[in-house]
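Just so it is clear, the model here is predicted, and its values are computed rather than measured.
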Amino acid sequence: MILIKRFDFYECMINNKIENSLDAQFWMFKIEDINNNNEYDVYLFNRRFNNERIDQIKFIIDQKEVIINNFTHALNHNSNNIIKCRLYGYNIHNIQIREIIINNKKADIKQPTVLFKPIKRLKLIDMIRYKRYFPNIEVIPIFMDDYWQCCCGYHNKVQATKCEFCNTSIDKLKRICK
């Protein structure tokens, strides 16, 4: 069993240049070609880390719609929030999540996919400087044109005024972490 920290998923996703949408609760972080046999294991993580059950994902693979209903826990990871599914295709170049059904509730993915920037890990000086304002701080906030990353590490839509995960105000982050 591999022990994985939450930010290892983000770094894996960024290193593998995998795009995800801010509308999606589950994000792809690794796509593994199985023995060059036109089979791919797609690893996903629940970015809210709340153990919700995924029922179905509608993928768009090289502009073709594929619906997957069969998911397994990725046994080599230590979290119930990591699942994988198998996709079949020839020379897959582009995979996007278009729709997810979680606990029998459908969530359409309308927001375009984004290639996220690397996470800025906290240094000791940052920890000392910001911990009193943000007790849950794990990373340096990032403010981009199409998203912002909270100090807890959660990626939010640019329109959000508070973090969807920890409820921290973007105004407070911008004021203190400028």
Side-chain angles (χ1 to χ4, degrees), residues 1-121 138-139 142 144-150 152-158 164-165:
M1 180 182 305
I2 301 169
L3 290 173
I4 288 195
K5 296 181 201 145
R6 177 165 53 152
F7 296 106
D8 291 341
F9 300 122
Y10 293 119
E11 286 180 351
C12 187
M13 175 184 79
I14 291 163
N15 291 339
N16 290 319
K17 296 180 174 47
I18 296 174
E19 297 180 348
N20 284 288
S21 171
L22 291 166
D23 282 339
Q25 180 174 335
F26 282 82
W27 277 1
M28 298 178 287
F29 70 95
K30 183 166 97 175
I31 300 169
E32 196 172 66
D33 188 348
I34 307 298
N35 300 325
N36 294 321
N37 202 18
N38 300 329
E39 295 178 35
Y40 299 85
D41 278 345
V42 177
Y43 291 81
L44 303 111
F45 72 98
N46 179 343
R47 67 190 194 107
R48 294 197 180 117
F49 293 89
N50 59 4
N51 291 319
E52 287 190 312
R53 185 188 85 245
I54 190 166
D55 300 312
Q56 177 179 304
I57 293 183
K58 184 187 293 182
F59 288 101
I60 302 297
I61 303 172
D62 294 332
Q63 301 177 349
K64 293 182 190 125
E65 191 175 283
V66 175
I67 295 175
I68 301 293
N69 298 312
N70 189 14
F71 304 93
T72 58
H73 285 283
L75 298 176
N76 57 339
H77 298 308
N78 66 327
S79 173
N80 290 334
N81 290 299
I82 306 166
I83 59 169
K84 71 176 181 176
C85 61
R86 180 138 312 161
L87 299 175
Y88 300 91
Y90 178 72
N91 237 355
I92 292 177
H93 290 91
N94 187 324
I95 300 175
Q96 294 182 12
I97 298 172
R98 184 56 42 92
E99 174 187 289
I100 300 176
I101 298 177
I102 301 168
N103 296 332
N104 296 318
K105 292 181 191 160
K106 179 178 155 186
D108 288 322
I109 312 303
K110 296 180 184 101
Q111 193 87 7
T113 59
V114 175
L115 187 60
F116 294 96
K117 303 287 181 218
I119 288 172
K120 295 180 182 176
R121 292 200 180 262
E138 294 196 39
V139 296
I142 298 173
M144 304 301 292
D145 291 339
D146 41 8
Y147 74 94
W148 61 278
Q149 178 186 310
C150 184
C152 72
Y154 195 82
H155 294 76
N156 295 276
K157 295 178 185 176
V158 73
E164 292 178 38
F165 190 73

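For Phe71, the ring-ring contact (aromatic ring centres under 6.0 Å, His included) test picks out no residue, with sequence neighbours left out. Val114 meets the side chain to side chain contact (heavy atoms under 4.5 Å, CB included) test with Phe116, Asp146, Tyr147; sequence neighbours excluded. Listed by chain and number, the residues in a side chain to side chain contact (heavy atoms under 4.5 Å, CB included) with Asn38 are Tyr90 (sequence neighbours excluded). Residues forming a side chain to side chain contact (heavy atoms under 4.5 Å, CB included) with Asn103 (at least two apart in sequence, or on another chain): Glu52, Arg53.
Separating the CD atom in Glu39 from the CG atom in Asp33 is a distance of 9.0 Å, to the nearest 0.5 Å. To the nearest 0.5 Å, atom NZ of residue Lys30 and atom CG of residue Leu44 are 12.0 Å apart. Distance check, rounded to the nearest 0.5 Å: CD1 of Ile100 to CZ of Phe59 gives 8.0 Å. Here the CD atom belonging to Gln25 is positioned 8.5 Å from the CD1 atom belonging to Ile54, to the nearest 0.5 angstrom. Going from atom CD1 of Ile142 over to atom CG of Asn156 covers 12.0 Å, rounded to the nearest 0.5 Å.
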Only pairs under 3.5 Å count here: list side-chain donor-acceptor contacts from residues 15-23, not counting sequence neighbours, and write none if there are none.
unit_1, atom_1, unit_2, atom_2, d
Asn15, ND2, Glu11, O, 3.2
Asn16, ND2, Cys12, O, 3.0
Asn16, ND2, Phe29, O, 3.3
Glu19, OE1, Thr113, OG1, 2.8
Asn20, OD1, Met28, N, 3.0
Asn20, ND2, Met28, O, 2.9
Ser21, OG, Asp23, N, 3.1
Ser21, OG, Gln111, O, 2.9
Asp23, OD1, Lys157, NZ, 2.5
Asp23, OD2, Lys110, N, 2.9
Asp23, OD2, Gln111, N, 2.5

Table please: side-chain donor-acceptor pairs of residues 62-70 below 3.5 Å, with sequence neighbours left out.
unit_1, atom_1, unit_2, atom_2, d
Asp62, OD1, His93, N, 3.2
Asp62, OD1, Asn94, N, 2.8
Asp62, OD2, His93, N, 3.2

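The side-chain heavy atoms of Glu99 and Gln56, taken from C-beta on, include a pair separated by under 4.5 Å. Side-chain contact between Arg47 and His155 is present, with at least one heavy-atom pair separated by less than 4.5 Å. Put simply, the side chain of Ile83 reaches to within 4.5 Å of the side chain of Phe26, judged on heavy atoms. A 4.5 Å side-chain heavy-atom check between Tyr40 and Ile95 finds every atom pair outside the cut-off. In this structure the side chain of Ile109 never reaches within 4.5 angstrom of the side chain of Lys58, judged on heavy atoms. The shortest distance between side-chain heavy atoms of Asp55 and Asn104 falls below 4.5 Å.
Nearest heavy atoms, Phe165 versus Cys152: CD2-SG, 3.9 Å. Contact detail for Tyr10 and Tyr154: the closest heavy-atom pair is OH-CA, 4.3 Å. Nearest heavy atom pair, residue Ile61 against residue Leu87, reads CD1-CD1, 3.6 Å. Closest of all the heavy-atom pairs between Val139 and Gln149 is CG2-NE2, 2.8 Å.
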Given Ile34 and Asp41, is the side-chain contact (heavy atoms from CB on, under 4.5 Å) satisfied, shown in steps?
CA-CA 7 Å; Ile34 307 298; Asp41 278 345; 3.4 Å; yes
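With hydrogens and angles disregarded, no donor-acceptor distance shorter than 3.5 Å links the side chain of Asn81 to the backbone of Asn46.
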